[in-house]
Amino acid sequence: MGTKAAEKDWPPASGEMAEKVRTFDWSLTPLGPISTWPAELKSAASLVLDNGFPAALAWGPDLVTIYNDAFQPILGNKPEALGRSFSDIWSEAWHQLGNIIDLAFAGKSTFIENFPIVILRSDHPELAYFTFSYCPVRGPDGAVRGIMDTVVETTSQVHARLALRESEERLRLIIENARDYAIFTMDPEGRVNEWREGAEVIFGFSREEIIGRSVDILFTPEDRAHGVPERERAVARETGSADDVRWHIRKGGSRVFIEGVVTVLRDDDGRLAGYLKIGRDATDRHTTEERQKLLLAELQHRVRNVMAMVRSVARRTANSAKNVKDYAGTLDGRISAMARNQVMLTRNIGAGVDLQLLVETELEAQAASGDKFTVTGPPVLLSSKSAEVLSLAVHELATNAAKYGALANSEGTIDIRWEVEAAGNGSDCLHFCWTELGLHLKDRPHRDGFGTELITRRVPYELRGEGKMELRETGLAAVIRFPLEPQDSVLGSKSKGGTAS
Amino acid sequence: MTSIATLAGKNVLIVEDDFYLADDEKSVLERAGAHVIGPFRDADQAIDRCTQERVDCAILDINLGSGPDFTLARTMQQQGIPFVFVTGYGSAAVPADLRAVERLEKPVRDQQLIALVESVCL
């Protein structure tokens with residue numbers, strides 16, 4: 001009876017499984033009643049039941065199974081495994097586990113991490129991961145009698161790690177495919193410590209060339225001299241981020257306009273870990289905007305200058321007008337001449353104005369018939385400034401001729417000719433002569449001072465040349481001479497890179 | 001209104017590439033009593049004269065034919081010559097370090113010009 005009581009009290013471990021082992025009818029298994037168990041089986045069973053780790057014992061050639069409370073979740077809703085064969089319990093995975101069990105029976109202990117097994121412990125097969133050790137349990141003679149399985153399920157850790165790896169992979173793909181964006185990080189001192197393909201494309205530096213170097217090399221010398229890189233990081237430290245919208249330097253020295261932002265990176269304790277910079281190459285858009293600004297400013301400049309000029313011409317016309325009708329007619333003629341010149345200038349922008357066309361246009365405007373004048377000279381293209389002055393000068397000469405000179409007299413003719421002379425300093429000089437013939441001038445006819453002032457004062461001032469007017473008995477003679485220099489206009493020249501803003 | 005020669009004894013230098021505007025400015029300032037130096041079409045000529053004569057106020061056009069240029073303005077700043085801008089450009093065309101310079105936008109009214117030059121010469 002004493003032995004019976006002792007049998008009922010074994011195993012002494014606490015817990016649900018220990019209780020089950022105590023009450024289980026072991027006589028129905030190959031192990032037989034507990035009273036018949038060898039000492040090594042009892043020791044091993046106690047070790048399993050007292051173990052804090054999930055553990056199971058598979059004993060004898062039939063692999064009769066004893067497991068502890070911690071092992072229960074691994075079994076899930078499988079049929080009660082106690083006393084059954086380990087190979088039966090894990091039949092779905094036996095093609096994998098059988099060999100390992102055999103090894104343990106051969107005396108070889110195994111330790112395997114994150115072993116993937118498809119198991120059935122719920123209403124569907126599931127892939128689970130285990131880190132486990134099968135170790136042999138020997139009898140007094142040294143022969144292996146069973147194996148002890150100590151196991152930790154690592155399914156959730158493996159899933160978490162896979163998820164993290166996937167997320168890192170996604171992030172890597174995003175960064176590496178964001179070729180239009182320079183994405184890189186710096187350490188707290190501003191040295192580059194991560195550099196991706198987009199940054200390489202935009203700045204020209206390879207990863208090997210820039211890792212470890214100060215980010216300051218991407219800033220322009222002007223910005224470096226003004227402490228812009230340090231200030232940017234200081235603002236990021238204070239406020240979390242700082243805008244970085246400015247010209248930068250590429251490898252080799254060319255400039256790239258970056259629209260970006262630098263963000264401070266802090267570790268979990270709030271300590272400065274470095275900076276992240278994300279920037280986009282906005283050079284094209286920025287250059288277009290700058291050019292638009294330049295064009296707008298230029299348009300404003302030109303329109304206001306024209307208004308000022310018209311006002312000045314109107315004022316000067318008024319000074320010498322005989323009456324309102326004369327004033328209106330003369331002013332109309334001058335403004336029309338300026339407008340005709342604008343038409344010629346804009347007809348073929350940048351190509352210059354053909355001198356012959358300019359002269360003939362002004363004479364036609366006075367309705368001069370072809371037999372009243374001759375035009376002789378080589379082809380000459382005038383810059384906009386020269387054309388502006390000369391067209392108004394020819395207008396004044398033609399108007400004057402129509403009112404008082406060769407065009408108003410049946411015998412009068414006009415000889416218009418020009419030559420291009422070498423000016424000595426390598427540039428050419430236009431020598432333009434307007435000579436009226438066939439008149440017999442007794443008295444000085446009326447001439448207002450506008451045309452004279454234009455030829456004798458405006459030509460020297462604006463065209464750096466000279467102008468003379470002479471009233472001979474046979475008619476008026478005017479000589480205009482000025483250097484033909486291609487005068488660059490802002491619209492025709494290259495953008496100056498935003499100096500006007 | 002400007003019968004009083006408020007600018008009597010003042011040397012005013014004009015730099016303007018347009019003859020009519022330069023000539024207009026000159027006569028307006030002379031009517032106000034100023035002695036006009038120039039007008040000059042180019043910056044170089046103007047700088048030469050600055051070294052020879054006292055200039056109480058210079059009137060500078062920003063664009064002398066080849067786009068906005070502030071070289072002359074900066075030279076005058078360095079030499080301590082007071083100056084103003086008369087220009088067709090809006091303030092956006094002026095660099096930040098010269099934004100404080102008085103500026104008249106074309107077309108300029110005679111009274112505005114005299115008043116501005118007076119304020120500089122005071």
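Each chain gets a letter, A, B and so on, in the order the sequences are listed, and its residues count up from 1.
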Undergrad: Could you check whether A:Glu362 pairs with A:Arg340 (Lys NZ or Arg NE/NH1/NH2 to Asp/Glu carboxylate O, under 4.0 Å)?
TA: yes
Undergrad: Name the option with the most non-hydrogen atom pairs under 4.5 Å to chain B; the candidates are A:Leu454, A:Val303, A:Val389.
TA: A:Leu454
Undergrad: Check each atom of B:Asp23 against the heavy atoms of chain A and say whether the ones under 4.5 Å are side chain, backbone, both or neither.
TA: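 Both backbone and side chain of B:Asp23 come within 4.5 Å of chain A.
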Undergrad: Has A:His431 got a side-chain atom pairing as donor or acceptor with A:Glu421's backbone, closer than 3.5 angstrom?
TA: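 Flag not set: sc A:His431 to bb A:Glu421 has no pair under 3.5 Å.
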Undergrad: Answer yes when A:Glu453 and A:Arg458 have at least one side-chain N-carboxylate O distance shorter than 4.0 Å, and no when they do not.
TA: no
Undergrad: Tell me, for A:Arg457 versus chain B, whether the close heavy atoms (under 4.5 Å) come from the side chain, the backbone, both or neither.
TA: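 Contact with chain B is through both the backbone and side chain of A:Arg457.
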Undergrad: Using non-hydrogen atoms only, which part of A:Val306 is less than 4.5 Å away from chain B: side chain, backbone, both, or neither?
TA: neither
Undergrad: Could you tell me whether B:Glu105 and A:Arg304 make a salt bridge, using a distance below 4.0 angstrom between a side-chain N and a carboxylate O?
TA: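 Yes.
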Undergrad: Heavy atoms only, distances under 4.5 angstrom: which of B:Asp61, B:Thr87, B:Ile62, B:Val108 has the most pairs with chain A? Name it, please.
TA: B:Val108
Undergrad: Is the closest basic N to carboxylate O distance between B:Glu16 and B:Lys106 below 4.0 Å?
TA: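 Counted as a salt bridge, because a side-chain N and a carboxylate O are separated by less than 4.0 Å.
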